[in-house]
Amino acid sequence: MKISLEWLAEYLPGPLDPQRAADALTLGGFPVEQIERHGDDTVLDVEITSNRGDCLSHVGIARELSALLDRKLIEPRPDAPQSPPPVAQATTVAIEATELCPHYTARVIQGVKIAPSPQWMRRRLEAVGLRPINNVVDVTNYVMLETGQPLHAFDADTLHSPKIIVRRARGGEKLVTLDEQERELDEEVLLITDDSGPICIAGIMGGHGSEVTEKTTRILLESAHFAPTRIRRGARALNMRTEASRRFERWVNPYGVIAAADRAAQLLAECSGGQIAAGTIDVAPRIVEPALVTLRFARCRAVLGLDLGESEIVSALQRLGFTVETVGDSVNVIVPTHRRDIERDIDLIEEVARIHGYGNIPTTLPKNAVPGAGLNAGQRQQQAARNALLGCGLNEIVTYSLENAAAASRAALTNEIPAVTLRNPLTEDYTQLRTSLIPSLLNVLVNNSRTRARIFEISKVFASKHELQPDEPLKI
């Protein structure tokens with residue numbers, strides 16, 4: 001993800017050296033692959049791991065740098081004037097799939113004038129690789145990149161009814177999306193609908209019929225939390241990957257939904273001259289509670305091999321924004337809802353190590369090594385066979401344990417041993433576990449036909465003789 005240092009400066013007051021920020025992020029588990037200039041700005045290309053969806057935003061990265069560099073963090077606090085009539089007169093929301101959408105909010109901005117975004121917003125979007133479109137679309141993208149919360153803006157006057165419904169798709173339903181492609185929907189997909197049918201694929205892409213155009217004057221702004229697994233399944237079923245789905249799949253903070261909507265409403269009022277309808281439609285049928293994890297000081301010291309004081313451990317956790325209460329020889333930690341990756345005490349220990357600095361942990365030899373450790377009888381037999389084949393001039397290879405039925409057929413193998421098939425294969429080339437090593441060996445020979453290859457492999461094959469667990473004999 002591309003991060004603008006000019007943008008970061010809003011949340012981390014004071015000078016921020018690009019190289020120091022890059023080094024801190026890299027040592028903290030977020031490798032910076034490149035530092036580049038974009039006009040007067042500096043942009044960091046940061047690699048975000050799949051379990052840290054909270055860092056797919058500038059505020060998320062600022063939060064990490066605040067902890068790693070022990071700097072003060074200032075998060076956006078939107079404050080925009082509201083005007084009558086109340087939003088409840090303009091729209092209502094009903095959530096039918098409550099387990100897939102625990103929180104949905106809607107705001108209405110009226111009197112909007114579609115125009116180019118301010119220069120400062122266009123410059124920041126371009127710096128991180130997004131093309132400015134208009135003030136409404138740019139605001140939703142800006143807030144997504146700022147807070148990590150994807151938003152969607154509907155042209156409220158194109159909706160057939162004021163009632164918004166969140167539900168599963170029904171077989172046979174179709175929707176033309178913003179890319180002007182007609183999508184056939186199934187029950188894997190979560191939808192936003194009005195009384196006439198689908199208007200948006202939840203968490204993935206909006207519908208073409210309700211998109212913002214030059215004629216738009218009234219905006220219905222959506223900010224919601226959707227179940228990550230449902231968005232992932234829907235995106236895979238439709239073969240669609242978007243910036244919004246990327247974030248929803250990795251968990252979006254359910255307690256950040258309203259703040260992001262307020263921030264977007266504020267920017268829309270500033271950039272489009274619109275008036276914000278009073279109030280927010282806020283439907284939350286299921287509350288996501290923060291996790292409570294207990295960590296013993298002694299266990300933290302033992303795992304890290306460091307003689308850390310209690311105050312040092314508590315300070316490291318507090319710098320990350322965790323609420324910490326010391327109880328005897330342990331701490332009870334309330335983990336913010338944006339950190340879904342923290343579930344156990346070992347996760348907290350890893351956080352203490354990150355903030356303390358991996359480079360500050362000394363290298364030590366493990367104590368109480370197991371006596372007599374070495375190869376067992378089966379491993380010694382396997383090594384003897386390997387040495388014999390290598391001594392005959394063969395080269396050992398390692399191939400995939402997956403194949404397809406056509407490969408087994410081309411190798412003239414009988415199907416006396418039933419194969420274990422995959423329920424959801426990623427490609428047609430790998431649909432089942434192999435019952436023989438021969439197809440893989442033949443494939444290597446085909447791909448190396450210009451050389452005089454002499455090869456062997458020692459690996460497991462899989463025979464589906466039992467319902468619960470296949471046999472896994474080792475073969476040469």
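Predicted model, so just to flag it, every value in this text is computed and none were measured. One is the number of the first residue; the rest follow in order along the sequence.
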Item to check | Pair N135, S117: side-chain N/O donor-acceptor within cut-off below 3.5 Å | outcome: no
Next on the checklist: Is it the case that atom CZ in R241 sees more than 12 heavy atoms from other parts of the structure closer than 6.0 Å?
Outcome noted: yes
Next on the checklist: Determine whether a donor-acceptor pair (N or O, by modelled atom type, separation under 3.5 Å) exists between the side chain of R167 and the backbone of T193.
Outcome noted: no
Checklist entry - Of E187, E173, E99, which meets salt bridge (charged side-chain N to carboxylate O under 4.0 Å, His left out) against R168? => result E99
Checklist entry - Should E146 and R263 count as an ion pair when the cut-off is N to O under 4.0 Å? => result yes
Next on the checklist: Has H58 got a side-chain atom pairing as donor or acceptor with L145's backbone, closer than 3.5 angstrom?
Outcome noted: yes
Next on the checklist: Quick test of your reading of the model: are R299 and D345 salt-bridged, counting only N-O distances below 4.0 Å?
Outcome noted: yes
Next on the checklist: So that I can tick it off, tell me whether E6 and R123 are bridged by a salt bridge, with the cut-off set at under 4.0 angstrom between side-chain N and carboxylate O.
Outcome noted: yes
Item to check | Mutual orientation of the aromatic rings belonging to W251 and H225 [parallel < 30°, tilted 30-60°, perpendicular > 60°] | outcome: perpendicular
Item to check | Electrostatic pair R230:E188 at N-O distance under 4.0 angstrom | outcome: yes
Checklist entry - Counting only N and O atoms by type, is there a donor-acceptor contact under 3.5 Å from the side chain of E403 to the main-chain atoms of Q432? => result no
Checklist entry - Is it true that the side chains of T216 and D155 contain a donor and an acceptor less than 3.5 Å apart? => result yes
